[in-house]
Amino acid sequence: MSKKQDNKISPMEQDYNQWYLDVIQAAQLADYSPVKGCMVIRPNGYALWENIQRTLDEMFKDTGHVNAYFPLLIPENFFQKEAEHVEGFAPECAVVTHGGGSKLEEPLYIRPTSETIIWSMYRKWISSHRDLPLLINQWANVLRWEMRTRLFLRTTEFLWQEGHTAHATEKEAEQEALRMLEVYRKLAEETLAIPVICGTKTEKEKFAGAEHTYSIEAMMQDHRALQAGTSHHLGQNFAKAFDVTFQDEQGQRQFVWATSWGVSTRLIGALIMTHSDNKGLVVPPRLAATKAVVVPILSKNADSGLMLSEARKIADSTGLGRAIKVDERENLSPGWKFHHWEQRGVPLRIELGPRDLENHQVVLVRRDTGEKLFVPQDGLKDKVNGLLEEIQQNLFNRAKAYRDEYTYVVDDEETFRAKLEDPGGFLLAHHCGERECEERIQAETKATIRCIPFDAEQEEGKCLFCGKPSHKRVIFAKAY
RNA sequence: CGGGAAGUGGCUCAGUCUGGUAGAGCACCUGGUUCGGGACCAGGGGGUCGCAGGUUCAAAUCCUGUCUUCCCGACCA
């Protein structure tokens, strides 16, 4: 056993919070900044975000959206135009009061989200039904003055994308909100390998200014829920607040229907807490900037120059290009390198030593299972790519099985409270749908309704807490 | 924002109670031997102790303020 103390990762069973921070530190995903609640996203972390961006941006464009950029600063009065919106966001906004050495006539808010500035522009851009739909997305940073922050999960400033669309009809806006939620589901499940539940938020939990909010909800390895993305049907609220109208085919002036939707760097937090283990980060192959690393085993009995050149050949033969690295460092032992790449979550390790050279083989080691495979060098490309796909699938299946294991159907309050405390998880329960009832449960148990799942079956029942009739089960959980 | 804990070379920490001018392990640099799960030997470089004041002949150490981080709570992507 090594005496080295650096990069130690606390076991998640012992201290889940510390484990999460240790994984981030060991994989060098992020670091703290001098400003409270802000973080520096380091290259390893930013690479994850870049791949999320790339994947999502393609999907946005495939569904007819275009990118634009709106300013960071928003006039104070814009926030006051939509009553619920100002109530929801004003308290957590940072405000710029001075510029150029003097006090500003009107304070400027640093955007916590961009509905207001965007709809003030849409007013200028929309006048006819021929201008609709308007499907714009922006990649941006936003600022929310949160009381308590956590790397990636809740930081004062964070990166996200926010889509803002304008439509001629309510139905079209509704379809858009649902379509984008589906885009998020695909991203989460197929790229991040995070199983999610799609559903509707309750009145209490919906976005400030929305008619209704849809979300994807994931379960972390401490059995708590994490909202991983949201899509809002905004109705005509912002159109009315900013007086955005169009003339329909009949020449009638009408308010525009709207949606907005977003995912943020929080997804990286979700990724960490879904797949990583006590060895460190685990990244699904489709998201990994480095999908595989070749570790040559050097020794005094072998020609190290030959070993390195063979290692490079092996790397080339996989066809992974930039996504495969050869760890050529001669001052580090193989064991050290194994740990190093495991902490960084590289999905596949390829070992090449003297014995392998002799047998014309390599050793493949999976990050997800730790399994070692001895495979011939011939046909390595197919083997490696097949294995990466298998790892991707396995991570998803494993996470889904885990979530299902901690999802319970509960029919009485006593069981509800007991399960919530131990072991925690998703509790499928009947609820009356009333806000007061929901608030009382949260106050007493810390559990919130994560969503009303789309696939919840019609089923007659009674609210677990007040006995009023219910037709569907909702998901309760403690959430981040 | 309330309660608790903590900030000392890159990292983990000792030293603080009982002031006397900073130490260990790992990391780093050089040379050599190693290398199939965190190698070893020898030599070497680097910190004024989060920041700002105060007390004192003298402050990492005592006092005041402040900033940041972690945990618990109220607020949230």
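So that the names make sense, note that chain A is the first sequence line, chain B the second, and so on, each numbered from 1. Computed from heavy atoms alone, side chains included, the values below leave out hydrogens, waters and symmetry copies.
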Figure out the [atom1]/[atom2] separation between [X] and [N], and round it to whole Å.
X	N	atom1	atom2	answer
A/His340	B/A27	NE2	C1'	14 Å
A/Glu92	B/C75	CD	P	12 Å
A/Leu151	B/U68	CG	C1'	13 Å
A/Trp336	B/A39	CH2	P	10 Å
A/Leu153	B/C70	CG	P	11 Å
A/Gln343	B/C26	CD	C1'	14 Å

Any residue meeting ring-ring contact (aromatic ring centres under 6.0 Å, His included) with A/Phe396, in chain and number order, not counting sequence neighbours: none
Categorize A/Lys372 for me: base, sugar-phosphate, or nothing, with a 4.0 angstrom heavy-atom threshold over every strand shown. base
Nearest-neighbour nucleotide for the A/Met147 side chain, B/G36, B/A77, B/C75 considered: B/C75
Can you identify which nucleotide, out of B/A77, B/A74, B/C35, has its nearest atom closest to the A/Ile297 side chain?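 Of the options given, the side chain of A/Ile297 lies nearest B/C35.
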Please report the distance separating the [atom1] of [N] from the corresponding atom of [M], rounded so that it comes out in whole Å.
N	M	atom1	value
B/G20	B/C63	P	15 Å
B/A14	B/C26	C1'	15 Å
B/G9	B/U66	C1'	25 Å
B/A5	B/C40	P	39 Å
B/U12	B/G50	P	14 Å

At less than 4.0 Å, is any side-chain N or O atom of [X] found next to OP1 or OP2 of [N]? Yes or no.
X	N	value
A/Lys279	B/G37	no
A/Arg150	B/C71	yes
A/Tyr20	B/C70	no

Donor-acceptor pair present, A/Glu342 side chain and B/G37 base, under 3.5 Å: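 Answer is yes: a donor-acceptor pair is held.
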Is any side-chain N or O of A/Arg148 under 3.5 Å from a base N or O of B/G2, one able to act as donor and the other as acceptor? no
Residue list, salt bridge (charged side-chain N to carboxylate O under 4.0 Å, His left out) with [X], at least two apart or on another chain:
X	answer
A/Glu328	A/Arg312
A/Arg185	A/Glu182, A/Glu189
A/Glu310	A/Lys313
A/Arg367	A/Asp277

Could you tell me the Watson-Crick or G-U partner of B/A52, where both distances fall under 3.5 Å? Say none if there is no partner. B/U64
Looking at A/Phe89, A/Phe79, A/Phe78, which one forms a ring pair (Phe, Tyr, Trp, His ring centres under 6.0 Å) with A/Tyr109? A/Phe79
Pairs under 3.5 angstrom, nitrogen or oxygen only, protein versus nucleotides 32-34 of chain B, please.
unit_1	atom_1	unit_2	atom_2	d
B/U34	O4	A/Glu330	O	3.3

Is A/Arg349 close enough and on-axis enough to A/Phe338, meaning under 6.0 Å and within 45°, for cation-pi?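 Yes, a cation-pi geometry holds between A/Arg349 and A/Phe338.
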